[in-house]
2 protein chains.
Amino acid sequence: MMSVTIKDVAKNANVSIATVSRVLAGKKEAYSLATEKRVHKAIQELGYKKNKAAVELVTMKSNVIAILVSTPKTNFAMKIIESIQKNAYKKDLSVIILFVGDNDEETQIKALNTVIERPVKGILLISVELCGDAINLLKNSGISNVFVSTAMSKESKFVSSDDFKIGYEATKFLIHKGHKKIGLSSLEVDKFIGQQRVAGYLSALKDHHIPQNDDWIFDGDYSYESGVASMQYYASQTDITAVIGASDLAAIGIINTAQKLDINVPDQLAVISIDGTYLVDIVSPRITSVTQSFYNMGETALKMLFSKGNESSHIYTSFQIDERESS
Amino acid sequence: MMSVTIKDVAKNANVSIATVSRVLAGKKEAYSLATEKRVHKAIQELGYKKNKAAVELVTMKSNVIAILVSTPKTNFAMKIIESIQKNAYKKDLSVIILFVGDNDEETQIKALNTVIERPVKGILLISVELCGDAINLLKNSGISNVFVSTAMSKESKFVSSDDFKIGYEATKFLIHKGHKKIGLSSLEVDKFIGQQRVAGYLSALKDHHIPQNDDWIFDGDYSYESGVASMQYYASQTDITAVIGASDLAAIGIINTAQKLDINVPDQLAVISIDGTYLVDIVSPRITSVTQSFYNMGETALKMLFSKGNESSHIYTSFQIDERESS
DNA sequence: CTGAAAGCGCTTACAG
DNA sequence: CTGAAAGCGCTTACAG
C-alpha cells in the first residue's frame, strides 16, 4: 500500500511541499487563510498522515519518551506507568515501554540500545537498578533521564519516596502502638532502597531506646512468597509482636500465613505494609499502610525529565500512614 | 551533542558507507572478513548507534509494534502486556504502549493517529472496543492488527477466550454443585463480551431445565465497586445461592460484602470468578475461578499479527475451572 | 567484494 | 506569503 505523502498533498492543493509543511506546523504568519484551507482540504481528502520517521530524521528529535521498567514482582509499577502515560498524553508525547530484568545486564543493555537508536526525548527508569555497563551506556547517550521509585546514585536525577523516612516512620508508628519487638520483612537488604529502609528502621528503634535484633530483619524480594516465608520464620524463631511488610503483597503473605498459624492479626501480630496500593483495601483484615504517592511520582518524573539545570536533582514525593485494621 | 553517523564509521574504517551498512545488516557474502573487523572496530571505538529514524524512512518499515490498551479497571491487561513484551523482545521488536479510554472516541482517534504516523509493524488492541470512526481509521491505515481479549466484529482478527463457553461452563459448574438460583454479576451486558457470557449463562440454565430470572443478572463494569454493589443488591432483592463474578476484583467485592452482611462464603453463597489472576490466591477464602490463559493470549496475538492470509481469523485460547475455597 | 549515487519524506534557511 | 533547494542518515540496486 503506497501511502500518501506531502507531495501528493502539495499537488492536490496546488502549492509547494514547503507550504504544506508550514501549514502542518501551524506557522501562522507564513501562509494565507485561503492556502491553509486548500491544504487542509487536500489532507482531508487524501487521508494524509505525516511520516514521523522522516520528521525525526530531519529535526533530530522526537516526542517519544521511553520507560524502562523491571519485570514486576510488586504491583505498584503499573500505577506509575499509568500516571506517566496520562501526563505524557496531555503533552503529545508517545511512550515506549520496555521491561528489563532487574539484575540482568544483558536485557538492560539490549533495552537501552533499542531506545538509544532513535531520537527519544527522555528515558524514565522505574524501579530498575542499572548494572555498570548499562549506566555508562545511558550516560554516554546524552539522553535526559530520571530514575523513578528507586534512587540510583547521587549523580543521577531521581524521584522516589524517602525510604529512610519510610522505614523510620513505619517503625515509629508501631512503637507508639506499644510494640518493642518489630520485624522488617521481605526487602532486599543489599540494595539501595532496602538499605535506606533498614537504616530508618534501626534509627527509629535507637531513638526510642529499643534494642535491635538482627533476627528481626528478613531478607527478601518484596514478593508474596517472600512474605509467606518470613512469617514462617518469625513464628518459629522469634517473638515479635509487629512486623513491617516491605510491600503490600509481602504484607498479605505475612497475614495469610499468620492466620494459617492461628496467629491473630492485629491482636497477636500487628502488620503495616509499605506501598498502599488498592490491594490493602480488598483483603481482610484491611492493611494499615505507608502509602506512597505513585501517581505524583510519575507526574513529577516527567516534569524532571524536561527541567533544565541540575543533573543530580532529587525529589522525594510524599507518603503518609493510613491506619486500617491490621494494626 | 553531535552524534556519530555512518559516515564517521566509514571514514574511520576507511570504507564506504555502503559497506558499513552491509556489515551492519550482516549481509555476509558482501564483504571480506578483514573489512568486517575494521568496521566493527570503528563502531566500537566511536560508540556508533544506528539512527532508527533514518532506517525507518528508507526501508518504510520498522520493528515497532503498538499496543492500545484500555485504562485498566481490572488487573489482567498487565499480564497480557507482559507476555507480548517478552515475546516481542525475543523477536527484536520494540513495543509502544498507549492507554485509551474505553468509550472515549477522542483518545482512541488520537492514539491511533499517533501510532499510524510511524511505520509500525502491527497494532494490538487489548480489551478496547473501538468507536466507529476509530475503526475506519484503523482499517484505512492498512496496518496489520489483532484484537486481544475482546472480540470485536467478525471482520477483524482476534484472540480471546470463548466468552460464551466461559459463561456456560461457569454456570454448569455451579449447577453441578446443586445450585439453581445463580447470579451473574458485574459484566457490561450491552458489550460483546458481556452479551456472550450472558448467552452462555442462559444456555446452561436452559440445558439443565432451570428457570432463569432477569433479576439475577447485574450490569456493571468488572470493578471491585461493581461487585460490592451487586452483593448489596443480591442480598436485599434476591435469594440466590451462588454467583459468578465477571472478574476477580468483582468477585472479591462480592465476597467482602457478603462477609460484611454475615453471609458465609461458600456455605450460604458460592462464588466463582472469571479471570483467575494471582488475586484469587491471596484473598480469603481463596476464590474458585474460571482461569483464562492471558500469557498464551498475548503470545498468540503476536503470532497472529504476522501470520499471512485470513484477515478474519479468530483464535480462542483455552480456559479452565480451578476450584478453590469459595465454592 | 566494494563504491558512487539515487532516493526515502520531511524541514528550514534563503531568496524573492 | 511562497517556492526551489539542500540536507537529515540511512539502504540498495547498479556497475564494476
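When reading the values below, keep in mind they use all heavy atoms of this one structure, side chains included, and skip hydrogens, waters and symmetry mates. Residue numbers begin at 1 in each chain, while the letters A, B, ... track the order of the sequences.
- Remark: A/E117 pairs with B/K52 by the salt bridge (Lys or Arg N to Asp or Glu O under 4.0 Å) rule, at least two apart or across chains.
- For the pairing with A/V9, the side chain to side chain contact (heavy atoms under 4.5 Å, CB included) check across A/V15, A/I43, A/I17, A/L24 returns one residue only, A/I43.
- Side-chain atoms of B/M60 lie closest to C/dG9 of the nucleotides C/dC14, C/dG3, C/dG9.
- Applying the salt bridge (charged side-chain N to carboxylate O under 4.0 Å, His left out) test to pairs two or more places apart or on separate chains, those with a residue in residues 53-71 of chain A are A/E56-B/R118.
- Atoms CD1 (A/I17) and P (D/dC1) sit 21 Å apart, rounded to a whole Å.
- Applying the 4.0 Å criterion to OP1 and OP2 of C/dT2, one finds that B/T35 has a side-chain N or O inside that range.
- Among the atoms of the strands shown, only primed sugar atoms or phosphate atoms (P, OP1, OP2) are found under 4.0 Å from some heavy atom of A/T19.
- Checked against D/dA5, D/dC1, C/dG9, the side chain of A/V58 finds its nearest nucleotide in C/dG9.
- Spacing between atom CD of A/E56 and atom P of C/dC10 amounts to 13 Å, rounded to whole angstrom units.
- Comparing the P positions of D/dG9 and D/dA13 gives a spacing of 23 Å, expressed to the nearest Å.
- When heavy atoms are screened at a 4.0 angstrom cut-off, B/L24 is found touching no nucleic acid atom at all.
- The separation of D/dA5 from D/dC1, taken at their P atoms, amounts to 24 Å, rounded to a whole angstrom.
- No contact: A/K7 has no heavy atom under 4.0 Å from any strand.
- Using a 4.0 Å heavy-atom cutoff across all strands shown, B/K49 reaches sugar-phosphate atoms only and no base atom.
- With a 3.5 Å limit on both pairing distances and Watson-Crick or G-U wobble geometry required, the stems of 3 or more pairs in DNA chain D span C:1-3 with D:14-16, C:5-12 with D:5-12, C:14-16 with D:1-3.
- If you check every strand for non-hydrogen atoms under 4.0 Å, A/K27 touches sugar and phosphate atoms only.
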